[in-house]
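What follows is a single structure, written as structure tokens, with notes after it.
Each chain gets a letter, A, B and so on, in the order its sequence line appears, and its residues count up from 1.
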Number of protein chains: 2
Amino acid sequence: MNLYETLLTALKTQGKRITPQREAICRLLAESDEHPTARQIYETLKAQFPSMSLATVYNTLDVLVSVGAINRLGSAGDDTVHYDADTNPHINLACIKCHRIIDLPSEHIQALQEEVARNSQYRILGGRVLYYGLCPECQREAVEGGR
Amino acid sequence: MNLYETLLTALKTQGKRITPQREAICRLLAESDEHPTARQIYETLKAQFPSMSLATVYNTLDVLVSVGAINRLGSAGDDTVHYDADTNPHINLACIKCHRIIDLPSEHIQALQEEVARNSQYRILGGRVLYYGLCPECQREAVEGGR
DNA sequence: TCCAACTTTAGAACTATTCCAAATACCACC
DNA sequence: GGTGGTATTTGGAATAGTTCTAAAGTTGGA
């Protein structure tokens, strides 16, 4: 089962209804390796659903988060929430200049999560490991711009 | 040099001026193990500085962040930014019910950070490792409330 | 002490996100 | 296949965190 189907199944399992808008949002989340914001999703899908409302995007994202199918990553320096459809433990790397976020596989992150579960009395529901800095491209631009 | 002095020194080093308001904000950040929001700082210091403006708090926090003396942790489920004066690598644990954040020392996090630096082309400027869940207290309340 | 530059202040402005009520669409059931 | 109850969509208003602005007040080097 691919990621798109996983997301839809998660919705159905929770008794949520499948609408064309939700399908499109799930497809976009599943097939892109971006970590889009609600507004980016909205702008992208406006061509396909000219009448779609931002509220619908927020609604669907909220449902997916509450179901545990996607993660809220938080801001990448742009004060808007980015979402990640990959719920497997991994590292996110955000560029504070172009505000793009990439994934980074990690050997250590599994151990980290187990450490947290073991050493705290919390019931862990999720987590986000986000490092930020300048991506190679923006580093280059910074140097060129600084001349 | 304690944390309070470190914060003030960071400001001075960057040519920033020391004002009573900034001293108070730095002291509060340094001496509390909370991870306060701008508003919490504002409310706390209002007794001492009745005329203080929220903008001053934001201004000072922005300066401290840009200087690298403190970290922006992001939201703890309450849609407001929490700040952390401890810039050493450590794990943060947020309770999504009471919105408090605690620190957790970690053996693995150093390795994680080195892994990121090694495996990415990014210039790393910082990071935040935040797990969220229910703190022991809120777990207990959830059970009692659920009866 | 003086002054230029930086800060503070108060309030307006901005913007992401949530809320609302009416219209619409999904889907379980017949 | 229809039908109805109910979740969802929509668009606009409302909310709230954060930023901006201009005037007044401070800081700290000379």
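Rounded to a whole Å, the CG atom of L8(B) is 14 Å from the P atom of dT27(D). Put simply, OH on Y42(A) is 13 Å from C1' on dT9(D), counting in whole angstrom units. Atom P of nucleotide dT8(C) and atom NZ of K46(B) are separated by 18 Å, given to the nearest angstrom. Between the P atom of dG28(D) and the CG atom of L11(B) lies a distance of 11 Å, rounded to the nearest Å. Look at CD on E23(B): it is 15 Å from P on dT26(D), rounded to the nearest Å. At whole-Å resolution of the value, CD in Q40(B) and P in dG17(D) are 11 Å apart. If you take CG of D79(A) and C1' of dG17(D), they are 9 Å apart, rounded to a whole angstrom. If you measure from atom CD1 of I41(A) to atom P of dA16(C), you get 14 Å, rounded to the nearest angstrom.
Residue-environment remark: CZ (R27(B)) exceeds the threshold of 12 foreign heavy atoms within 6.0 Å.
Expressed to the nearest 0.5 Å, how far CG of L64(A) lies from CD1 of I70(A) amounts to 4.5 Å. Between the CG atom in L73(B) and the CG atom in L130(A) there is a gap of 11.5 Å [rounded to 0.5 Å].
Candidate nucleotides dA16(C), dG11(C), dT18(C) were compared by shortest atom distance to the side chain of A55(B), and dG11(C) ranks first. Which of dT18(C), dT19(D), dT10(D) sits closest to the side chain of M52(A) comes down to dT10(D).
Looking at which nucleotide of DNA chain D each of S51(A) and R72(B) is closest to, the 5′-most match is held by S51(A). Between K16(B) and D78(B), the residue anchored nearer the 5' end of DNA chain D, judged by the nucleotide with its closest heavy atom, is D78(B). Looking at which nucleotide of DNA chain C each of L54(A) and K12(A) is closest to, the 5′-most match is held by L54(A).
Applying the 4.0 Å criterion to OP1 and OP2 of dT18(C), one finds that Y58(A) has every side-chain N and O outside that range. An OP1 or OP2 oxygen of dT9(C) is reached within less than 4.0 angstrom by a side-chain nitrogen or oxygen of Q21(B).
Residue contacts shown for N59(A) include a base, since a base heavy atom lies under 4.0 Å away. Within the 4.0 angstrom heavy-atom criterion, only backbone atoms of the sugar-phosphate kind lie near P20(B); the bases stay farther away. Base engagement by T56(A) is indicated by at least one non-hydrogen atom pair under 4.0 Å involving a base atom.
Residues D103(B) and H35(B) have side chains that bring a donor and an acceptor to within less than 3.5 angstrom of each other.
Using a 4.0 Å cut-off between a side-chain N of Lys or Arg and a carboxylate O of Asp or Glu, D62(B) and R72(B) qualify as a salt bridge. A salt bridge links E43(B) with K46(B): at least one charged nitrogen is closer than 4.0 Å to a carboxylate oxygen.
For dA5(C), its base sits under 3.5 Å from the side chain of R17(B) at one donor and acceptor pair at least. Judged by atom type and distance alone, R22(A) does not reach the base of dT8(D) through any side-chain donor-acceptor pair under 3.5 Å. Residue side chain S53(A) reaches the base of dG11(D) through a donor-acceptor N/O pair under 3.5 Å, judged by distance alone.
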